[in-house]
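Report on the following structure.
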Amino acid sequence: MKKEELNHLKDTLSSPQHILIIPHKNPDGDAMGSCLGLMRALEKRGHEAFVLAPNDYPEFLKWLPGTEKVMVYEQDRNRAAEEIKKASLVFTLDFNSLGRIGDLSQELENYEGDYVMIDHHQQPDDYARFTYSDPNMSSTCEMVYDFLEKMELSSEIDEQTATCLYTGIMTDTGSFRFPSTTSRTHRVIADLIDRGARNDQIHGAVFDSNSLDKLHLLGCALKNLVTLEEYHTAYISLSQEELDQHNFKKGDTEGFVNYGLSLTGIKFAVIFIENKQEGIIKISFRSKGDFSVNDFARSHFNGGGHINAAGGRSELNLEKTIEKFRDLLPRYKNELQP
Ligand code: 5GP
Ligand code: MN
């Protein structure tokens, strides 16, 4: 963000605004943590702020401070439309293209004010008046921390905001182990702990809240794991029937794709998850090293993300999607060598 833009935004935020904060569809820990952390800090500074999620988010995030104030567009379109009418500023967090919020983007056509984008994905679109985009950042939560500093709002980071931001940094960095984790990330984390974030409790709330159904579903996913050693690739598939058998709930498959990457010699791991209701296969891609799953997802599966973590979708059935995926691999054989 340029200096004039920064000053303009600071100026806007110096008087009370009615602010909407929007995460991407199927919000994860970084999306919800950044939205709720920012909401809290803005509220403390005297703004009216609301989080409007395009659709519901997983139970393992529903303890985050401020959760009770989250509106879910799919569940309450009328109220969302009212809030959009009142909004004087809209923040979009953890995504960079309005295509990532589903139908909510149509509702926003009635909104004529400014957008602020804070995001760490590659190739941002150009819809925001204020764009703070940095693909080198570990997480949107780390960027919100910086943003609050730039806006001279750091003093508003209390225990609740610190807890939200800690959560998103933790989930997006795979608990501080991905290459995007820098010494600066750890400095931010240290400050968040000083401000009241409880690392043990946050980790427990997110990772030790499994249901037996979820662990059985993980067992099923691991049984379905296939390796293609020639391409240093592993993939998992889960059909709607398998999900139903295990009483699937949103968030239950979070992290499953990483098991493929934990195999010796595997550089590229994928999970295909059937969603009969939406008529799509949701795909998650993960890689190690310089194989860009962002490029792969963008080129072939209508998606995107980061170099080592991306998502996409397919409108073919599960079998045909996997066939398409397997047929693409020979083109990438060289890139997939260790
Ligand atoms: P996940 O596989 O956990 O859903 O997502 C991995 C990363 O890719 C996240 O940063 C997420 O925001 C991004 N991502 C997931 N699905 C999509 C998609 O359909 N389109 C784009 N552009 N990014 C996605
Ligand atoms: Mn993120």
Side-chain angles (χ1 to χ4, degrees), residues 21-38 53-55 57-58 60-61 91-102 105 117-125 127 132-147 164-176 178 180-181 185 188 206 221 235-236 238 250-261 268-273 275 278 280-287 292-315 321:
I21 308 172
I22 302 179
H24 55 77
K25 198 169 174 194
N26 300 320
D28 57 8
D30 189 31
M32 291 313 294
S34 57
C35 286
L36 287 168
L38 179 66
N55 64 347
Y57 55 105
F60 71 81
L61 296 172
F91 280 78
T92 65
L93 264 49
D94 202 36
F95 67 94
N96 60 19
S97 151
L98 293 175
R100 292 278 285 127
I101 57 174
S105 63
M117 180 207 299
I118 305 178
D119 179 63
H120 66 137
H121 293 88
Q122 301 196 335
Q123 291 137 294
D125 281 357
Y127 60 85
Y132 176 29
S133 160
D134 186 350
N136 294 317
M137 280 287 196
S138 70
S139 54
T140 300
C141 279
E142 188 176 338
M143 295 178 75
V144 166
Y145 179 95
D146 286 348
F147 175 79
C164 293
L165 299 183
Y166 185 103
T167 302
I169 299 175
M170 178 187 77
T171 56
D172 252 33
T173 57
S175 300
F176 319 109
F178 297 154
S180 58
T181 312
T185 312
V188 170
V206 172
Y235 70 85
I236 291 172
L238 283 171
K250 205 172 252 309
D252 279 355
T253 54
E254 197 77 34
F256 284 12
V257 63
N258 294 315
Y259 284 90
L261 267 197
F268 185 23
V270 184
I271 188 166
F272 301 94
I273 302 173
N275 183 333
E278 290 188 28
I280 60 159
I281 310 298
K282 178 78 186 96
I283 315 171
S284 289
F285 302 96
R286 299 290 185 272
S287 68
S292 170
V293 289
N294 170 50
D295 292 345
F296 190 90
R298 263 175 207 272
S299 306
H300 308 294
F301 291 101
N302 201 12
H306 313 279
I307 290 183
N308 297 127
R313 50 160 60 208
S314 157
E315 273 152 27
T321 300

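Only this structure's heavy atoms are used, side chains among them; waters, hydrogens and symmetry mates stay out. Along the sequence shown, residues are numbered consecutively beginning with 1. Whatever order the structure lists ligands and atoms in, that order sets their numbers, starting from 1.
The protein heavy atom nearest to atom 16 (N) of ligand 1 is Lys282 NZ, 3.0 Å. The protein non-hydrogen atom at the shortest distance from atom 15 (C) of ligand 1 is Gly311 CA, 3.4 Å. The protein heavy-atom contact nearest to atom 23 (N) of ligand 1 is Gly304 O, 3.0 Å. The protein heavy-atom contact nearest to atom 9 (C) of ligand 1 is His121 NE2, 3.7 Å.
Within the 3.5 Å criterion, the main-chain N or O of Gly312 finds no donor-acceptor partner in the side chain of Asn302. When atom types are taken as modelled, the side chain of His120 and the backbone of Met137 share a donor-acceptor pair closer than 3.5 angstrom. Judged purely by atom type and a 3.5 angstrom limit, Asp119 uses its side chain to pair as donor or acceptor with the backbone of His121.
Of the polar atoms of Asn302, none of the N or O atoms is found under 3.5 Å from an N or O of ligand 1, judged by distance alone. Residue contacts with ligand 1: His306 is placed with a nitrogen or oxygen under 3.5 Å of a nitrogen or oxygen of the ligand (distance criterion only).
Considering CG of Asp28 and CG of Leu61, their distance stands at 8.0 Å, rounded to 0.5 Å.
Residue Arg100 places a heavy atom under 4.0 Å from ligand 1. Heavy atoms of Arg286 approach ligand 1 to within less than 4.0 angstrom.
The atom of Asp94 nearest to the Mn ion (ligand 2) is OD1, with the search restricted to N, O or S atoms.
Residue Arg298 qualifies as enclosed at atom CZ: its count of foreign heavy atoms under 6.0 Å is above 12. The environment of Ile307 atom CD1 is sparse: at most 12 non-hydrogen atoms of other residues, nucleotides or ligands sit within 6.0 angstrom. Heavy-atom neighbours of Phe178 CZ from other residues, nucleotides or ligands within 6.0 Å: above the threshold of 12.
Against a heavy-atom cut-off of under 4.0 Å, Ser284 is close to the following atoms of ligand 1: 1 (P), 2 (O), 4 (O). For ligand 1, the atoms closer than 4.0 angstrom to any heavy atom of Ala309 are 7 (C), 8 (O).
Residue contact annotation: Asp30 places an N/O/S atom under 2.8 Å from the Mn ion (ligand 2). Inclusion of Asp172 in the first shell of the Mn ion (ligand 2) is supported: an N, O or S atom falls under 2.8 Å. Under 2.8 Å from the Mn ion (ligand 2) lies an N/O/S atom of His120, whether from backbone or side chain.
The aromatic ring centroids of Phe176 and Tyr166 lie less than 6.0 Å from each other.
A donor-acceptor pair shorter than 3.5 Å cannot be found between the side chains of Thr140 and Ser34.
Here the side chains of Asn294 and His306 are not in contact, with every heavy-atom distance at 4.5 Å or above.
Ranked by closest heavy atom to atom 19 (O) of ligand 1, the top entry among Ser97, Gly312, Gly29 is Gly312.
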